[in-house]
Protein chains: 2
Amino acid sequence: MTQEQFAKYSFLLDRTARKVKQYAQQQFKQGDFDVTVDQWLVLKNLSEHGLLSQTELANLVFKDHPTLTRIIDLLCKKGYVERIPHPQDRRSFQLHLTDSGVAKVTSLRPKILEIREKAWENLNENDFDEFKRILNTIYQNLDGQVMEE
Amino acid sequence: MTQEQFAKYSFLLDRTARKVKQYAQQQFKQGDFDVTVDQWLVLKNLSEHGLLSQTELANLVFKDHPTLTRIIDLLCKKGYVERIPHPQDRRSFQLHLTDSGVAKVTSLRPKILEIREKAWENLNENDFDEFKRILNTIYQNLDGQVMEE
DNA sequence: TACAAATAATTAGTGTGACAAATATATAAA
DNA sequence: TTTATATATTTGTCACACTAATTATTTGTA
């Protein structure tokens, strides 16, 4: 196989990742979910991990700080999240899901799991494991850090 | 496997695609390539397919028209591409690589192939084929269209 | 204590992505 | 021929990614 054909992975990866996000976003819009795909990722992690600082959350969702700041801004504006001053460290906030945010996560979770399934038609569990392994290997190769599962 | 674990593919896919682009972009910057990763994709396709309209190019690189318009704007500003009025159709342009654009592609191509290889350490040709198959299947599942290749 | 270095979060600037709407031109149908 | 429809490209708006720089605060060290 030539270097040339080999290098196509970056194109296919980018194209598929965009398609996955675009498909989900369309479904989100059609169902009037009132959040974007990335906002959902943040809400989901907040609901699973309780009070987090923005730095802790950034490490969970693998987004950089400026991006996260803006996503949090939008979620606060929508009333799903609150920034609570950290009691010991005045530089920091603790992020808190409001009641409205908790209700949003509860109502969206099953719908989103269903949307995510569509991508795996014609693929099996073994494909999923292989896919995960290859994605994680690529990530590690370019990151130079050890990854948790 | 639970639906929950299964749905993680979207996170891993997005994270890896961003890492791949980020890694390449850093190398581009370090080497003073004077183009972004997406601008390179456009230059590369122009060099391989000669005169194209923006619509033809958009279909090749799987970007939408507004995005492509802006990338072309930047490449024109940098002097690598020209918009030539289409002789028969006054709505349309033929995109043309300038001498400077051709030189850019020639000098960058081998460097970029080398950068792209880094991702595939610890992976073999069979992994590549599996990866391609799964990515394309996911794409098709969400796109509803038939794909070439 | 005082001062330097590290950390948490934000702001600013540029590029890209998706979607909707607008503009100009071409083609097909009445 | 007139009108309707389709096509090529652009513009506008919002969201996200990355970089660099900034502000406020905390921690480490002399």
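Here is how names work: the chains are called A, B, and so on, in the same order as the sequence lines, proteins then strands, and each is numbered from 1. The shown structure was predicted, so the numbers you read here are calculated from the model rather than taken from an experiment.
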Checklist entry - Is B:Leu68 touching bases, backbone alone, or none of the nucleic acid, heavy atoms closer than 4.0 Å? => result nothing

Next on the checklist: Just to be sure I understand the rule, does B:Thr55 reach a base, reach only the sugar-phosphate, or reach nothing, if contact means heavy atoms closer than 4.0 Å?
Outcome noted: sugar-phosphate

Of all the nucleotides listed ([options]), which has the minimum atom distance to the side chain of [X]?
X: B:Leu74; options: C:dA26, D:dT10, C:dG15; result: C:dG15
X: B:Ser53; options: D:dT9, D:dA17, C:dG15; result: D:dT9
X: B:Asp89; options: C:dT16, C:dT25, D:dC16; result: C:dT25
X: A:Thr67; options: D:dC16, D:dT9, C:dC19; result: D:dC16
X: B:Asp14; options: D:dC18, D:dT10, D:dA17; result: D:dA17
X: A:Pro66; options: C:dA26, D:dA15, D:dA20; result: D:dA20

Say whether [X] and [Y], considering side chains only, have a donor N or O and an acceptor N or O under 3.5 Å apart.
X: A:Asp34; Y: A:Tyr80; answer: yes
X: B:Arg83; Y: B:Gln54; answer: yes
X: B:Gln39; Y: B:Lys78; answer: yes

Item to check | Pairwise 5' ranking along DNA chain C for A:Lys29 and B:Gln39, keeping only the more 5' one | outcome: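 Its nearest nucleotide being more 5', the pick is B:Gln39.
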
Next on the checklist: Reading DNA chain C from 5' onward, which residue's closest nucleotide shows up sooner: B:Thr36 or A:Gln94?
Outcome noted: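 That would be A:Gln94.
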
Checklist entry - For atom CG of B:Asn126, is the number of surrounding heavy atoms from other residues, nucleotides or ligands below 6.0 Å larger than 12? => result yes

Could you check how far [atom1] of [X] sits from [atom2] of [N], rounded to whole Å?
X: B:Asn59; N: D:dA8; atom1: CG; atom2: C1'; result: 12 Å
X: B:Asp38; N: C:dT14; atom1: CG; atom2: P; result: 18 Å
X: B:Gln22; N: D:dA20; atom1: CD; atom2: C1'; result: 15 Å
X: A:Ile71; N: D:dC14; atom1: CD1; atom2: P; result: 17 Å
X: A:Gln27; N: C:dC19; atom1: CD; atom2: P; result: 11 Å
X: B:Leu41; N: C:dG15; atom1: CG; atom2: C1'; result: 15 Å
X: A:Arg90; N: D:dT27; atom1: CZ; atom2: P; result: 12 Å
X: B:Arg15; N: D:dA17; atom1: CZ; atom2: C1'; result: 16 Å

Does [N] have OP1 or OP2 under 4.0 Å away from a side-chain N or O of [X]?
X: B:Gln54; N: D:dT7; value: no
X: B:Lys63; N: C:dT16; value: no
X: B:Gln25; N: C:dT16; value: no
X: A:Arg83; N: C:dT10; value: yes
X: A:Thr69; N: C:dT10; value: yes
X: A:Ser92; N: D:dT25; value: no
X: A:Lys21; N: C:dT16; value: no

Item to check | Any donor-acceptor N/O pair under 3.5 Å between D:dG12 base and B:Arg70 side chain | outcome: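 Such a pair exists between side chain and base.
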
Item to check | Distance-only donor-acceptor test, A:Arg91 side-chain atoms vs D:dT26 base atoms, 3.5 Å | outcome: no

Next on the checklist: Heavy-atom nearest nucleotide on DNA chain D for A:Asp64 versus A:Gln88: which residue maps closer to 5'?
Outcome noted: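 Nearest nucleotide further toward 5': that of A:Asp64.
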
Checklist entry - Toward the 5' end of DNA chain D, which comes first, B:Gln26 or B:Glu56, by nearest nucleotide? => result B:Glu56

Next on the checklist: Pair B:Leu52, B:Gln94 - check side-chain contact (heavy atoms from CB on, under 4.5 Å), show working.
Outcome noted: CA-CA 5 Å; B:Leu52 293 172; B:Gln94 288 180 330; over 6 Å; no

Checklist entry - Going through the distances and angles, do B:Leu75 and B:Leu46 end up as a side-chain contact (heavy atoms from CB on, under 4.5 Å)? => result CA-CA 12 Å; B:Leu75 289 173; B:Leu46 276 178; 5.6 Å; no

Checklist entry - With the threshold set at 4.0 Å, does a side-chain nitrogen-carboxylate oxygen contact exist between A:Glu48 and A:Arg109? => result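 A salt bridge is present here (some side-chain N lies under 4.0 Å from a carboxylate O).
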
